[in-house]
Peer 1: 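Here you go, one structure.
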Amino acid sequence: MKILVTGGTGFIGSHTVVELQAIGSEVIIVDNLSNSNIAVLDNIEKISGIRPGFEQFDLADQALTANFFERNHGISGIIHFAAYKAVGESVDKPLHYYRNNLVSLMNILDGMLTHGITNVVFSSSCTVYGQPDELPVSEQSPIKPAFSPYGNTKQIAEEILHDTLHAYPQLRAIALRYFNPIGAHPSALIGELPLGIPNNLVPFITQTAIGKRQQLRVFGNDYNTPDGTAIRDYIHVVDLAKAHVVAINRMINQNMKKPLEMFNLGTGTGLSVLDVIKSFEKVSGQKLNYVIVDRRPGDVEKVWADTSFANNELGWKAKSTTDEMMLSAWNWEKALAVNEKSNS
Ligand code: UD1
């Protein structure tokens with residue numbers, strides 16, 4: 001089966017490409033490389049032995065996207081990762097985010113309708129729940145007003161899917177609501193490649209430990225949580241990637257219960273920022289230089305997933321432990337440092 005993976009050179013996309021190749025799928029990647037690197041293709045090939053197809057263009061460009069679909073036949077399904085994802089940047093550049101994240105989705109849906117492609121998996125986020133009233137958060141929890149334009153693009157994208165599927169009953173979509181993806185492939189050949197200063201916790205931890213950053217700032221220790229730091233549900237990117245393979249198979253094998261399904265993808269366990277730091281210190285054997293500072297505006301206090309629906313319906317479960325996730329992230333950071341040294 002041939003699968004189009006948009007954003008396939010990115011963090012979650014690259015891991016998903018490898019998992020798709022492992023089950024024998026033919027993968028074609030479309031990516032504009034705005035937040036990723038062409039060398040990822042070489043590393044995917046080193047892992048799987050197969051070089052995925054690749055085209056570099058912007059899916060927000062309607063003509064280029066239409067032209068891509070005209071030239072590429074036999075696509076069984078699409079996994080749509082390509083999007084901007086920095087919460088803070090989205091507050092400063094809202095139009096950038098709305099245009100990129102929403103227009104690309106609409107162009108893809110147009111392409112699907114024109115060329116009879118019926119299946120799409122969409123990258124959504126637990127951000128759609130805001131600060132949930134009840135924890136763990138299930139798929140039935142209400143969607144809360146978005147905290148940021150980025151979060152709003154995920155909510156609106158889900159609505160676009162809902163309305164489009166209503167109008168065109170031949171279409172199928174699965175929206176996967178990710179909690180906090182971390183870690184890297186066990187080969188340490190692919191992983192997260194933040195541009196500039198990382199926004200997210202785990203790359204900031206590993207970059208501090210390797211000496212690229214001076215000190216990690218822990219944003220707030222006055223939350224209503226056992227150690228006062230904010231709680232998230234961190235999930236290994238390889239576990240997350242595997243869920244995409246399950247989702248695309250579910251669509252192609254016509255096992256869906258409804259045309260549009262939503263699933264929470266997390267481990268079901270909440271970890272505080274200090275829990276994550278402790279695990280990192282344990283697996284790396286290194287003390288981390290960190291300081292407690294004020295809360296980061298826009299952060300929710302605590303969120304973790306009720307995973308029962310995904311576990312039961314998809315027959316999928318996140319397997320990795322916190323220590324395994326942190327060790328893989330650390331091995332990736334060390335591999336990057338070795339590469340940078342040999343390139344300099
Ligand atoms: C955010 C988004 C999420 C999005 C993800 C992708 C929200 C509520 N969440 O996740 O939807 O998919 O970004 O980028 O909008 N922290 C520190 N110091 C740091 C960095 C982070 O203490 O230097 C803390 C944060 O305050 C938070 C936790 O670590 O408590 C995780 O932060 P982060 O990795 O940025 O992810 P989220 O904000 O949870």
Side-chain angles (χ1 to χ4, degrees), residues 7 10-13 35-36 81-91 97 101 122-132 135 137 141 143-158 175-183 192-209 212-235 237 240 264-267 270-280 288-305 322 325-326 329:
F11 176 41
I12 309 172
N35 189 23
S36 62
F81 291 104
Y84 294 151
K85 61 168 188 177
V87 175
E89 184 186 54
S90 77
V91 176
Y97 271 67
N101 292 8
F122 175 70
S123 293
S124 191
S125 166
C126 71
T127 195
V128 300
Y129 301 117
Q131 175 61 69
L135 289 165
V137 57
S141 301
I143 303 297
K144 294 279 186 69
F147 273 55
S148 67
Y150 157 76
N152 210 18
T153 66
K154 295 296 175 191
Q155 295 191 359
I156 298 171
E158 288 193 1
L176 298 176
R177 293 173 175 164
Y178 312 148
F179 283 66
N180 287 58
I182 61 167
E192 198 166 356
L193 277 171
L195 270 190
I197 301 171
N199 294 304
N200 296 112
L201 177 63
V202 171
F204 211 108
I205 289 177
T206 55
Q207 288 199 5
T208 304
K212 273 191 198 163
R213 310 280 154 217
Q214 224 175 8
Q215 190 176 47
L216 171 78
R217 291 178 304 151
V218 173
F219 296 132
N221 69 347
D222 55 353
Y223 285 107
N224 181 23
T225 61
D227 66 22
T229 63
I231 292 181
R232 298 287 183 275
D233 184 335
Y234 297 90
I235 175 170
V237 64
L240 194 63
N264 284 347
L265 297 184
T267 63
L271 296 175
S272 73
V273 177
L274 294 182
D275 290 332
V276 175
I277 294 174
K278 269 182 217 135
S279 167
F280 175 77
L288 189 76
N289 181 10
Y290 70 86
V291 60
I292 309 280
V293 299
D294 284 349
R295 293 180 181 195
R296 181 171 68 177
D299 270 347
V300 300
E301 183 168 84
K302 48 191 164 191
V303 61
W304 62 93
T322 311
M325 300 191 234
M326 295 310 289

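Remember, it's 1-based here, ligands and their atoms both numbered in the order they're listed.
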Peer 1: With sequence neighbours excluded, tell me which residues meet side chain to side chain contact (heavy atoms under 4.5 Å, CB included) with N199.
Peer 2: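 With sequence neighbours excluded, N199 shows a side chain to side chain contact (heavy atoms under 4.5 Å, CB included) to A86, given in chain and number order.
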Peer 1: Kindly assign one of parallel, tilted or perpendicular to the pair Y97 and Y84, based on the angle between their ring planes and the thresholds 30° and 60°.
Peer 2: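 Because their plane-to-plane angle lies in the 30° to 60° range, the rings of Y97 and Y84 count as tilted.
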Peer 1: By salt bridge (Lys or Arg N to Asp or Glu O under 4.0 Å), which residues pair with D299, not counting sequence neighbours?
Peer 2: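 For D299, the residues satisfying salt bridge (Lys or Arg N to Asp or Glu O under 4.0 Å) (neighbours in sequence not counted) are R232, R296.
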Peer 1: Below 3.5 Å only, please: the N or O atoms of ligand 1 paired with protein N or O atoms, distance on each line.
Peer 2:
| unit_1 | atom_1 | unit_2 | atom_2 | d |
| --- | --- | --- | --- | --- |
| ligand 1 | 11 (O) | S125 | OG | 2.8 |
| ligand 1 | 12 (O) | Y150 | OH | 3.0 |
| ligand 1 | 14 (O) | K85 | O | 3.4 |
| ligand 1 | 14 (O) | N200 | OD1 | 3.4 |
| ligand 1 | 14 (O) | N200 | ND2 | 3.1 |
| ligand 1 | 15 (O) | T127 | OG1 | 3.4 |
| ligand 1 | 18 (N) | R217 | O | 2.7 |
| ligand 1 | 22 (O) | R217 | O | 3.4 |
| ligand 1 | 22 (O) | F219 | N | 2.9 |
| ligand 1 | 26 (O) | D299 | OD2 | 2.5 |
| ligand 1 | 32 (O) | R296 | NH2 | 3.4 |
| ligand 1 | 34 (O) | N200 | ND2 | 3.2 |
| ligand 1 | 34 (O) | L201 | N | 2.8 |
| ligand 1 | 35 (O) | N199 | O | 3.4 |
| ligand 1 | 35 (O) | N200 | ND2 | 3.2 |
| ligand 1 | 35 (O) | R296 | NH1 | 3.4 |
| ligand 1 | 35 (O) | R296 | NH2 | 2.8 |
| ligand 1 | 36 (O) | N180 | ND2 | 3.1 |
| ligand 1 | 38 (O) | R296 | NH2 | 2.9 |
| ligand 1 | 39 (O) | N180 | ND2 | 2.9 |
| ligand 1 | 39 (O) | R232 | NE | 2.5 |

Peer 1: What pairs with S36 under side chain to side chain contact (heavy atoms under 4.5 Å, CB included), at least two apart in sequence or on another chain?
Peer 2: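 Partners of S36 under the side chain to side chain contact (heavy atoms under 4.5 Å, CB included) test: T9, D31, L33.
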Peer 1: Within the 4.5 Å heavy-atom criterion, are Y290 and L274 side-chain neighbours or not?
Peer 2: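 The answer is yes; the side chains approach within 4.5 Å.
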Peer 1: Can you establish whether the number of heavy atoms outside I197 located under 6.0 Å from its atom CD1 is more than 12?
Peer 2: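 Check fails, neighbour count at 12 or below.
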